[in-house]
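All remarks here apply to the structure that follows.
Here the structure is a predicted model, which means the values were calculated and not measured. Naming: A, B, ... by sequence-line order, numbering from 1 per chain.
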Amino acid sequence: MSENNAGNYNFNDIEKKWQSFWESNKTFKTPDTTDKPKYYILDMFPYPSGDGLHVGHPEGYTASDIVSRYKRMQGFNVLHPMGYDAFGLPAEQYAVQHGIHPAITTEKNISNIRKQIKSLGFSYDWDREINTTQPEYYRWTQWIFLKLYNSFYDAEQKKARPIEELEIPADLSDDDRTKFIENHRLAYESNTPVNWCPALGTVLANEEVIGGVSERGGHPVVRKPMRQWMLRITSYADRLIDGLEDLDWAYGIKKLQLDWIGKSIGAEVDFKVYNDPAKTVEVLDTTIEKTEHTIKVFTTRPDTLFGATYMVLAPEHPLVDEILDDQQRFPVEMYKHEASLKSDLDRTDLAKDKTGVDTGAFAINPVNGQKIPIWISDYVLISYGTGAIMAVPSHDSRDFEFAKQFNLPINAVVSPTDKWLEEQVQKKNFDQDYLTKNKLENITEDAAGIRQVYNNHPGIFNDAFCGLGTAINSDKFDGMATEDFKVAIIAELEKDKVGEKAVNYKLRDWLFSRQRYWGEPFPIIHHEDGKVEAIDEKDLPVLLPETENFKPSTTGESPLANVPEWLYFEKDGKKVRRETNTMPQWAGSCWYYLRYIDALNNQAPFDKAKENYWMPVDLYIGGAEHAVLHLLYARFWHKVLFDLGIVSTDEPFQKLVNQGMILGLSYKDPRGVLVANDLMEKKGDKFFHKETGEELVEFTAKMSKSLKNVVNPDDIIRDFGSDTMRLYEMFMGPLEANKPWNMNGLEGVHRFLQKAWRMIVNAETGKLNDAVVDAEDCAELLRLRHKTIKKLTHDIETFGFNTAISQLMIFTNEFGKAKQRSKAAMEDFVLMLAPLAPHIAEELWAILGHDDTLSYVPWPKYDEALTVDPEIEIVVQINGKVRDKFMMDAGSDDKIIEETAMATEKIKTQLEGKTIRKVIVIKNRLVNIVAN
RNA sequence: GCCAAAGUGGCGGAAUUGGCAGACGCGCGGGAUUCAAAAUCCCGUUUCCUCACGGAAGUGUGGGUUCGAUUCCCACCUUUGGCACCA
């Protein structure tokens, strides 16, 4: 700033001044009792990483802050808190490498990130700040775990109930009784195979494994059976689906959750295994029983049962060893061994060609008595459904591929739609090998003919028909539509007791334990006789022990197993051992929004009356990357707490808005290899590799350390101020859209703030600008003022911050030009600017002569009548093309508009020699003359 | 492969229910101010044809509905994000 302009916009001083004003006056402290209506605005709290915030974080925080400040001015009691999701792997890995306790690293990172957040001037109530790693907080995370542990899901009432209310069959032994109870708890121990990540030294939830490698770090993951804690989220699958309906969330996010839960409705069908040493009979009476085994399959297409020509079991299926034919024992064992060595990655991505082995055993198709072979293949997953399928190669693409690979029979039972058949013919999608093999080379290609051939040879194409159609080759069901057939066959199966309606979910129970130090310890102890016991609520928290060794223990347990004085203690005269697993990072974030309501309570997680007042969260803003994990887990916990009467709402987050990602500019070479930004050299408007000299292509990519395209907000705040930073992030585009970060528009919003400053302040004196007077504005300016209030009100309500800012720019451009401007208009302007750029607004408010903060001054009101233009430009079109324009009083009669339009010289000339066919008049907009 | 979102000037983006495409900002060009510069202010800026007046084309591509389509319908292409043998 130059010295002779003492009154210039000095953002540094202004921002410091007002941040300390807000802090020392506790301007944003939120009372829990007031007669104002409440509004709860929540941000997804950050993980305090060592790198601090990047420019993506403040985007969501700015948006929520704008709404918070706006709602306060609208007279709401606004709860707007902030905290830190501070347990997690990075601090622990840092501890392993540098020997510094995670608590120390975490505290250091938090104070850095807190400073960054405060420097943006967000209106949080800092007295409610929380940190998931503090015992005062995780005490209650453990408390909620005990609630889960001590509850079961009542399938009839469709809700969780205390475990004491579980009805236990009377005739059980003590052991079976315990087992029965364990099998119903919402938190339970399990020994099933889990995703073990050797590099991280811990297990991971399914959701944390992407394509066979860990989501964090990309390390290989293997399947390994281990004792783990699970949460019975699958019990809530239907509730989690149903609850979505009334939520004000983007459709895409709801869809992601629906897909993740993956509900499918179909039938379970029993296939009897047929052991026939003679191997002679091809078709059997269905009543024949030459078997002790039954294979249960799940299918969504019971209508295709007549087309089941073989079965497939997952290699891990327990019946494989029981049923297999001795002659096939060797290849089957080989295959099982190979499959067990394959990682998930190999089993999915790389397995383009299907593999499998015949067990030599047969099953009987329950609907037609046909004897069908049983194979094993890793395209059938042990973890979904029953781990076994009936294969209908004609109408399932996976079975189709497998059948072609191994020459298994393919029988059509659904006659395809005309459209599909035509498409196949048109694409010439014929399988030539199949045609040759079946002597069908001279196949006719007309539609009716092809259907005939298809119905007997569904293998003629390269694809299976998987859609809905009409039943064929299905005995008495022939001619039925797929949907009706499904209903009819399920009834039939149920009548014959060989199957029933069934529902399956992709969602699995939530693997809830990790072998780490830096997480919440489980409030669980193990007795020497193997009995498990929960620690009493009143003895919480179970504190993390002090240690200097953060490496995983040699037993595969967490580092907690290395602290014997913590691990063992005596209870009722018996030596007991603590649970060494810790909870995953998601635990703390599953209920933090409830703790904000009563952050300092040391008697309960929160006060019930306060919870009742504040919940649900009215607006939740955060990144779409948490669409499934965090949001699904938190909803699950919330529903359990609701069932137990601990919270008052069934769903926690009423409205959800996902801000888009801010992407970094990145570069790749001609081979598509990514090049870090510090190796890029710009010459003119082209980009080159500094070392190889190759030309590079610019594109946008997620910000990441390795690409060196991370932008830190601190630099921008230093050079332009946080008001500019806030405004710029909002001006870049719609909140929900992904957008690349580039500094192009930064200058523009900064200039806008300077203009706004000069509109009100005399830049030489720093006092009120002489042009600001106590007088009425002219009609045009008055109209602009009311239009601006109207637009700002609408745009903030609908998160259109970019257009809100552009309207304020228009306001500044116009009022800045005027020789005189009313003080009242300036005050309205400042109040409207306040949510977006609060520091400069507070300063301008003071210069306009007010003593106190504007944070609670009522939002300006507009008069609808004053937003309407008295004269409106009418467009005249001929055949839809604009030919002329003229001014007209607003609300003029259609007749007069039409006459005026026809009378103008231009239109008269244009219409010469043409016949008018039709004239369309749209009030206040246009006249369209159709003529030729 | 499947699902979701999105394709508009040199760039970010704007356009109530179908009704003047390109608001606002960046950049660029010209001018004013200045000893000069920065800053500021004013004018212009979709493309093509034309000295100009004016005209033509134009919202990913191709069709369709309509007096009129960035907006609605069908097919396709591209980008981003998610899922990925879930029977």
Side-chain angles (χ1 to χ4, degrees), chain A residues 2 5 8 210-211 250-256 258-260 262-264 266 297-301 304 312 347-349 351-352 354 377-381 383-392 395-399 401-402 466 504-508 624-625 627-628 660-661 663 685 699-702 727-728 731-734 736-749 751-752 754-755 758 763 794 800 802-810 813 816-817 873-885 917-931:
Chain A
S2 63
N5 280 342
N8 264 341
I210 310 285
Y251 169 73
I253 301 295
K254 289 189 184 182
K255 185 86 172 83
L256 280 176
L258 284 175
D259 289 349
W260 190 265
K263 180 176 186 171
S264 25
V297 301
F298 173 73
T299 176
T300 55
R301 290 296 299 271
T304 60
V312 188
R347 281 180 70 155
T348 56
D349 268 15
K352 289 224 172 72
K354 298 241 179 318
S377 170
D378 61 8
Y379 86 88
V380 173
L381 308 175
S383 50
Y384 181 80
T386 60
I389 61 155
M390 65 172 203
V392 184
H395 307 297
D396 179 285
S397 51
R398 296 151 301 182
D399 299 342
E401 277 174 42
F402 191 82
C466 304
N504 255 290
Y505 302 91
K506 282 203 264 184
L507 183 71
R508 316 282 159 78
E625 65 271 25
V628 212
M661 240 181 312
L663 303 165
D685 38 354
F699 73 106
T700 51
K702 278 189 196 176
L727 233 41
Y728 176 56
F731 193 60
M732 276 197 305
E736 289 96 336
N738 292 339
K739 41 209 166 271
W741 176 265
N742 63 63
M743 305 277 277
N744 284 351
L746 195 64
E747 298 268 348
V749 288
R751 255 175 237 164
F752 157 67
Q754 289 175 320
K755 261 192 204 175
R758 287 193 306 266
H794 174 263
N802 51 340
T803 49
I805 293 165
S806 85
Q807 182 64 31
L808 290 179
M809 286 172 166
I810 293 168
N813 288 344
K817 276 183 213 159
E873 191 180 51
I874 306 287
V875 170
V876 188
Q877 298 180 334
I878 294 175
N879 295 332
K881 293 194 174 171
V882 180
R883 295 299 173 190
D884 199 10
K885 300 169 181 181
R917 304 287 173 192
K918 200 173 177 184
V919 179
I920 293 119
V921 181
I922 307 291
K923 215 177 190 67
N924 290 349
R925 288 198 193 270
L926 61 72
V927 179
N928 189 14
I929 302 160
V930 186

| message | Regarding K506(A), tell me which of base, sugar-phosphate or nothing describes its non-hydrogen contacts under 4.0 Å with the strands shown. | response | base
| message | For the C1' atoms, the ones on U50(B) and on A56(B), what distance do you get once it is rounded to whole angstrom? | response | 11 Å
| field | Between P of C83(B) and OH of Y505(A), the distance in whole Å | value | 22 Å
| message | If I compare all heavy atoms of R508(A) with all of S383(A), which pair ends up nearest, and what's the gap? | response | NH1-OG, 3.3 Å
| field | U78(B): pairing nucleotide in any strand, Watson-Crick or G-U under 3.5 angstrom | value | A6(B)
| request: Using a 90° cut-off around 0 for syn, call G81(B) syn or anti. | output: anti
| Phosphate contact (A87(B) OP1 or OP2) by Y379(A) side-chain N/O below 4.0 Å | no
| Looking across every strand, which nucleic acid part, if any, lies under 4.0 Å from K817(A) by heavy atom: base, sugar-phosphate, or nothing? | sugar-phosphate
| Excluding sequence neighbours, so at least two apart, what forms side chain to side chain contact (heavy atoms under 4.5 Å, CB included) with A388(A)? | I295(A), V297(A), L313(A), H317(A), T386(A)
| Nucleotide of U40(B), C41(B), A87(B) approaching Q754(A) most closely (side-chain heavy atoms) | U40(B)
| Any donor and acceptor pair, going by atom type alone, linking the side chain of R925(A) with main-chain N or O of E873(A) inside 3.5 Å? | no
| said: Under a 3.5 Å cut-off for both contacts, is U46(B) paired Watson-Crick or G-U wobble with anything, and if yes, with which nucleotide? | reply: A57(B)
| Over how many whole Å does the gap from D396(A) atom CG to G1(B) atom C1' extend? | 13 Å
| note | Hits for salt bridge (Lys or Arg N to Asp or Glu O under 4.0 Å) against K918(A), two or more places apart or cross-chain, chain-then-number order -> none
| task | May I ask you to say what R917(A) touches in the nucleic acid, namely base, sugar-phosphate or nothing, with a heavy-atom cut-off under 4.0 Å? | result | nothing
| request: Can you tell me the distance, in whole Å, between the NZ atom of K263(A) and the C1' atom of A87(B)? | output: 18 Å
| request: Could you measure between the two P atoms, the one in U16(B) and the one in G64(B), and give it in whole Å? | output: 27 Å
| request: Would you please confirm or rule out a distance under 4.0 Å between OP1 or OP2 of A57(B) and any side-chain N or O of K881(A)? | output: yes
| To the nearest angstrom, how far is F731(A) atom CZ from A23(B) atom P? | 12 Å
| said: Distance check, P atoms only: A69(B) and G58(B), in whole angstrom units. | reply: 11 Å
| salt bridge (Lys or Arg N to Asp or Glu O under 4.0 Å) with K885(A): which residues, sequence neighbours excluded? | none
| RNA chain B: 5'-proximal contact among N802(A) and E747(A) (nearest heavy atom) | N802(A)
| message | In whole Å, measure the gap between the C1' atoms of G31(B) and U8(B) for me. | response | 31 Å
| task | Give E873(A) one of three labels, base, sugar-phosphate or nothing, depending on what nucleic acid heavy atoms sit under 4.0 Å from its own. | result | base
| task | Give a yes or no on whether a donor-acceptor pair under 3.5 Å exists between the nucleobase atoms of C20(B), that is its base, and the side chain of K885(A). | result | yes
| note | Minimal heavy-atom distance between V919(A) and V927(A), with the atoms involved, is CG1-CG1, 3.8 Å
| message | Under 4.0 Å, heavy atoms only, any strand: does P734(A) hit a base, just the sugar-phosphate, or nothing? | response | sugar-phosphate
| query | In whole angstroms, how far is the P atom of U79(B) from the NZ atom of K739(A)? | reply | 21 Å
| task | For N738(A) and for D259(A), find the nucleotide of RNA chain B with the closest heavy atom, then tell me which residue's nucleotide is more 5'. | result | D259(A)
| message | Mind checking if L926(A) touches a base, just sugar-phosphate, or nothing, with heavy atoms under 4.0 Å? | response | base
| Atom pair distance, as rounded to whole Å: CZ in R883(A) and P in G54(B) | 13 Å
| Can you tell which of U40(B), C24(B), C85(B) lies closest to the side chain of S806(A)? | C24(B)
| Any-strand Watson-Crick or G-U partner of C83(B), both distances under 3.5 Å | G1(B)
| request: Look through every strand shown and name the nucleotide pairing with A36(B) as Watson-Crick or G-U wobble, where both distances are under 3.5 Å. | output: none
| field | Identity of whatever pairs with C72(B) - Watson-Crick or G-U, under 3.5 angstrom | value | G64(B)
| request: Flag this pair as yes if the NZ/CZ of K354(A) is under 6.0 angstrom from the six-membered ring centre of Y379(A) and inside a 45 degree cone about the axis; otherwise no. | output: yes
| Separation of G25(B) C1' from F752(A) CZ (nearest whole Å) | 11 Å
| message | Just to be sure I understand the rule, does S264(A) reach a base, reach only the sugar-phosphate, or reach nothing, if contact means heavy atoms closer than 4.0 Å? | response | sugar-phosphate
| task | Indicate the atoms forming the closest heavy-atom contact of F298(A) with G385(A), along with that distance. | result | CB-CA, 4.4 Å
| message | Rounding to an integer number of angstrom, what distance separates G60(B) and U71(B) when you compare their C1' atoms? | response | 16 Å
| What is the nucleic acid contact for N813(A), judged by heavy atoms within less than 4.0 Å: base, sugar-phosphate only, or nothing? | sugar-phosphate
| request: Please state the C1' separation for the pair A57(B) and G22(B) - nearest whole angstrom. | output: 15 Å
| Can you check whether R751(A) has a side-chain N or O nearer than 4.0 Å to OP1 or OP2 of C26(B)? | yes
| Rounded distance in Å between the P positions of G25(B) and U61(B) | 29 Å
| request: Check ring-ring contact (aromatic ring centres under 6.0 Å, His included) between F752(A) and all other residues, then give those that pass, not counting sequence neighbours. | output: none
Expected rows: protein N/O vs nucleotides 65-67 of chain B N/O, under 3.5 Å:
unit_1	atom_1	unit_2	atom_2	d
C67(B)	O2'	N928(A)	ND2	3.4
C67(B)	O2	N928(A)	ND2	2.5

| message | Checking base pairs now: Watson-Crick or wobble, both atom distances under 3.5 Å. What partners U16(B)? | response | none
| field | M390(A) CE - C85(B) P separation (whole Å) | value | 20 Å
| task | Specify the closest pair of heavy atoms between I253(A) and A627(A), including all atoms of both residues, with the distance to one decimal. | result | CD1-CB, 3.8 Å
| query | With rounding to whole Å, what would you report as the distance between U59(B) and A21(B) at their C1' atoms? | reply | 7 Å
| field | R751(A): partners by salt bridge (Lys or Arg N to Asp or Glu O under 4.0 Å), with sequence neighbours left out | value | E747(A)
| note | With the side chain defined as heavy atoms from C-beta on, W260(A) is closest, among G82(B), C20(B), C83(B), to C83(B)
